[in-house]
Amino acid sequence: MGELSELFAPDRVAVVGATEREGSVGRAIMENLLASFEGDVVPVNPNYESVLGIPAVDGVGAAAADLAVVVVPPGIAVDVVREAGEAGIRNAVVITAGFSETGADGAARERDLIDVATEYGTSLVGPNSLGIMSTPVGLNATFGPENATAGRMSFMSQSGAFITAVLDWANDQGIGFKDVVSLGNEAVLDESDFVEAWGDDPDTDVIIGYLEGIDDGRTFIETAREVTRETPIVLVKSGRTDAGAQAASSHTGTIAGAEQAYEAGLEQAGVIRADSVQELFDAARVLESQPLPESDAVAIVTNAGGPGVMTTDAVGDSRLSLASFTDETLEAFSETLPPEGNVYNPVDVVGDADNERFRDAVDVVLGDDHVGSVVVLACPTAVLDYERLAADTARLQERHGKPVAACFMGGARVAPAEDVLSAAGIPNYFDPSRAVQGLDALSRFRDIAEREYDAPASFDVDRERARAILSSVVERDDARLGVEAMGLLEAYGIDVPDGEIVESPEDALDAAEQIEGDVVMKIVSPDILHKSDIGGVKVGVSDESVADAYEDLVSRARNYQPDARILGVQIQEMVDLDAGVETIVGVNRDPQFGPLLLFGLGGIFVETLEDTTFRVAPVSGSEAEAMTREIDAAPLLRGARGREPVDVDGVVETIQRLSQLVTDFPAILELDINPLVAAPEGVSAVDVRLTVDPDELGRASDGRAHGDRDDPRKATGEHH
Ligand code: ADP
Ligand code: MG
């Protein structure tokens, strides 16, 4: 993909399909370009001598441009891009709609467009795009009604309409942009390309975006991880609710949908996710203008008790904490604050505070080594001049180099002070929770920038045995496997209890006698999803009762489902549940992000409790470890209420081994280990269920090395 910096800083732009017709897109783009672009604009239209006073050329080949903006009808758009490619134009913005968003014909046209762009190495935006903007060169190659003002955020959106709305509002708010791009159908350039380009752009300080979907989740994660070492990315991802629940045949498949994949994927990518447009810009503005805090301890300085409490609550709801001051600070306050003031955090300078007292208090807390950031919180009084407080705050922020958020409450009287603050890059909010959230975003990004991404571990496993077990589905007309596939886990070094599948009461007894103590017996049938739902699991069966239990299990299965295929009964060693915790480790394959791992509280009530957490595989050791800390029941694992802690390391390793298994075999669509019993002496996978894609399995065994590499869903774990 050519240099995207050229796309945003062309010398000469050809508008293919430029026209003077009132109300047309071709005219709107000409007008927008002529209004502010520093370079040349060349209208391309064989029917015009000139457009809006600029001499026109007949074809894009004659334009000698380095960017082609394409507004011709869909039927000839592909030809125009080819012509541009032949003429050496490496950048194109295709405004024209009527491609993959419109059905089969359009989809075919879009494939042609991709072919042409690939052939000429064209950096192509769209089709079906509103266009692009870049303020340093005054480029407005859109047909929107507003131009962006200059700034240091770059903004991408999958909705063109959203861009026009945002610009209208942002111009009002004094929010400026470096580049803006309407991604359109993303036939060639997509969100990952722009993240990468802006990560390298010295003029972009913050990347923001509005996305409805991410096509290639793994690439996005890899790209964003690199970029967020320096440049924050804040995104609104819309469509949080799952459209139409998929037909799942596992617990994990039921719980782990698209929203969980996005949540996990964006978090792993180092993206700060905003829930609303307000959150998006609150975070982006503070990230653009304020330094990162060295600690999460916040000081609040206020002349008003009530709002001070509100701010304290907001700190409590965030990842930040209230700073406890050094002795020097407390001493300084005991001299400067009146006795009715509060020298502890939140610092109350009292309602009668004048500008000097307020300013000195802000100065003291900013100088305190225990303080990472400060909220200056003021209510209007007769003795306080807001504009002066704003100027003092700005000066002190600059001198101490720590992040400051302002909450100057009030209406019209705030405006002049707000201008002073905003010129210094200090956001002002009426609502203290927004001020705190801004500081919270800074602290989040500091942690993201400092993240170390360790590579996934690679365990020594028996891949061939795993392949053989998975391949057994090819011989049956069913893609689901149950406890008969326990060997799959063993092949990947995951501990399972002793067990055997038998097909007669006599063999059942033999098998039970091999195992010390009572046994567990389970019906084995691909048609029975959750065995205990039909009484298909018997725990604590003594040798004397094994034969009867066998008959009972089989007849229950027959009653439940006369045509169920019964493969036999599993005789399994008892696992001590009292000392352990039933957990679930599972995976569901997401179309965008690939294998999505789930970890949570397991057992038969998984869906009821839904105490779960997710990561896109492959995961590293530290990611797997984090999963075991994130669930609500985490304290249970680490020995709550005097219980012995379970083997958390064993759980962490199991998550990693499962991650390796599903990464090695894209054919595994869904898999549950439920329960994975985590006990003090170790972990044990007591039950397994999975769904396999036999076609994918066939593909992989045909030309293995190649098959795996060509599959876009296959994340190899070799990226780092
Ligand atoms: P399913 O999930 O199909 O109902 P499981 O094999 O998970 O079947 O068994 C259901 C429950 O029975 C488990 O959650 C666990 O509480 C208990 N159980 C199963 N196997 C064992 C075992 N080997 N030792 C102790 N308890 C078991
Ligand atoms: Mg189970």
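All ligand and atom numbering here is 1-based and tracks the order in the structure.
- Taking distances strictly below 2.8 Å, the protein N/O/S atoms close to the Mg ion (ligand 2) are Asn674 O, Asp687 OD2.
- The distance from the OG1 atom of Thr312 to the CG atom of Leu322 is 5.0 Å, given to the nearest 0.5 Å.
- The shortest N/O to N/O separation between His530 and ligand 1 does not fall below 3.5 Å.
- Geometrically, ligand 1 and Val537 share no nitrogen or oxygen pair separated by less than 3.5 Å.
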Worked verdict on Gln437 versus Asp282 for side-chain hydrogen bond (donor to acceptor under 3.5 Å, both in side chains): CA-CA 8 Å; Gln437 272 167 26; Asp282 280 358; over 6 Å; no
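- In this structure, Arg657 is positioned above the aromatic face of Phe459, its NZ or CZ under 6.0 Å from the six-membered ring centre and within 45° of the axis.
- Tested against Gln268 for a side chain to side chain donor-acceptor pair (under 3.5 Å), the candidates Arg615, Glu263, Arg451, Glu623 yield a single pass: Glu623.
- In this structure, of Lys522, Lys531, Met521, the residue bringing a heavy atom nearest to atom 8 (O) of ligand 1 is Lys531.
- Residue contacts with ligand 1 include Glu573, since one of its heavy atoms falls under 4.0 Å from the ligand.
- In terms of protein heavy-atom proximity, atom 22 (C) of ligand 1 is nearest to Val520 CG2, 3.4 Å.
- In this structure, Tyr210 contributes its side chain and Val277 its backbone to no donor-acceptor pair below 3.5 Å.
- When only non-hydrogen protein atoms are considered, atom 24 (N) of ligand 1 lies nearest to Val575 N, 2.9 Å.
- Contact between Leu596 and Ala264 at its shortest, heavy atoms only, is CD1-CB, 4.0 Å.
- Taking only non-hydrogen atoms, the option from Asp687, Leu529, Ile528, Ile604 nearest to atom 7 (O) of ligand 1 is Asp687.
- Checked against the 6.0 Å centroid criterion, the rings of Phe614 and Phe599 do not qualify as a close aromatic pair.
- Protein heavy atom in closest approach to atom 4 (O) of ligand 1: Ser532 OG, 2.3 Å.
- Protein heavy atom in closest approach to atom 26 (N) of ligand 1: Leu577 CD1, 3.5 Å.
- Without hydrogens or angle criteria, Ser504 side chain to Asp507 main chain gives a donor-acceptor distance under 3.5 Å.
- Look at Glu222 and Arg225 and you find no salt bridge, because none of the NZ, NE, NH1 or NH2 atoms lies under 4.0 Å from a carboxylate O.
- Glu513 CD: more than 12 foreign heavy atoms inside a 6.0 Å radius.
- Residue contacts with ligand 1 leave out Pro497, since none of its heavy atoms falls under 4.0 Å from the ligand.
- Close approach to Pro675 involves these atoms of ligand 1, each under 4.0 Å from a residue heavy atom: 7 (O), 13 (C), 14 (O).
- With hydrogens and angles disregarded, a donor-acceptor distance shorter than 3.5 Å links the side chain of Ser659 to the backbone of Val619.
- Here the heavy atom of the protein found nearest to atom 16 (O) of ligand 1 is Glu582 OE2, 2.9 Å.
- The protein heavy atom nearest to atom 20 (N) of ligand 1 is Val686 CG1, 2.9 Å.
- Nearest protein heavy-atom neighbour of atom 17 (C) of ligand 1: Val539 CG2, 4.1 Å.
- The side chain to side chain donor-acceptor pair (under 3.5 Å) analysis of residues 635-646, with sequence neighbours excluded, yields the pairs Thr628-Arg638.
- Using a cut-off of 4.0 Å between Lys/Arg side-chain N and Asp/Glu carboxylate O, Lys237 and Glu267 are scored as not salt-bridged.
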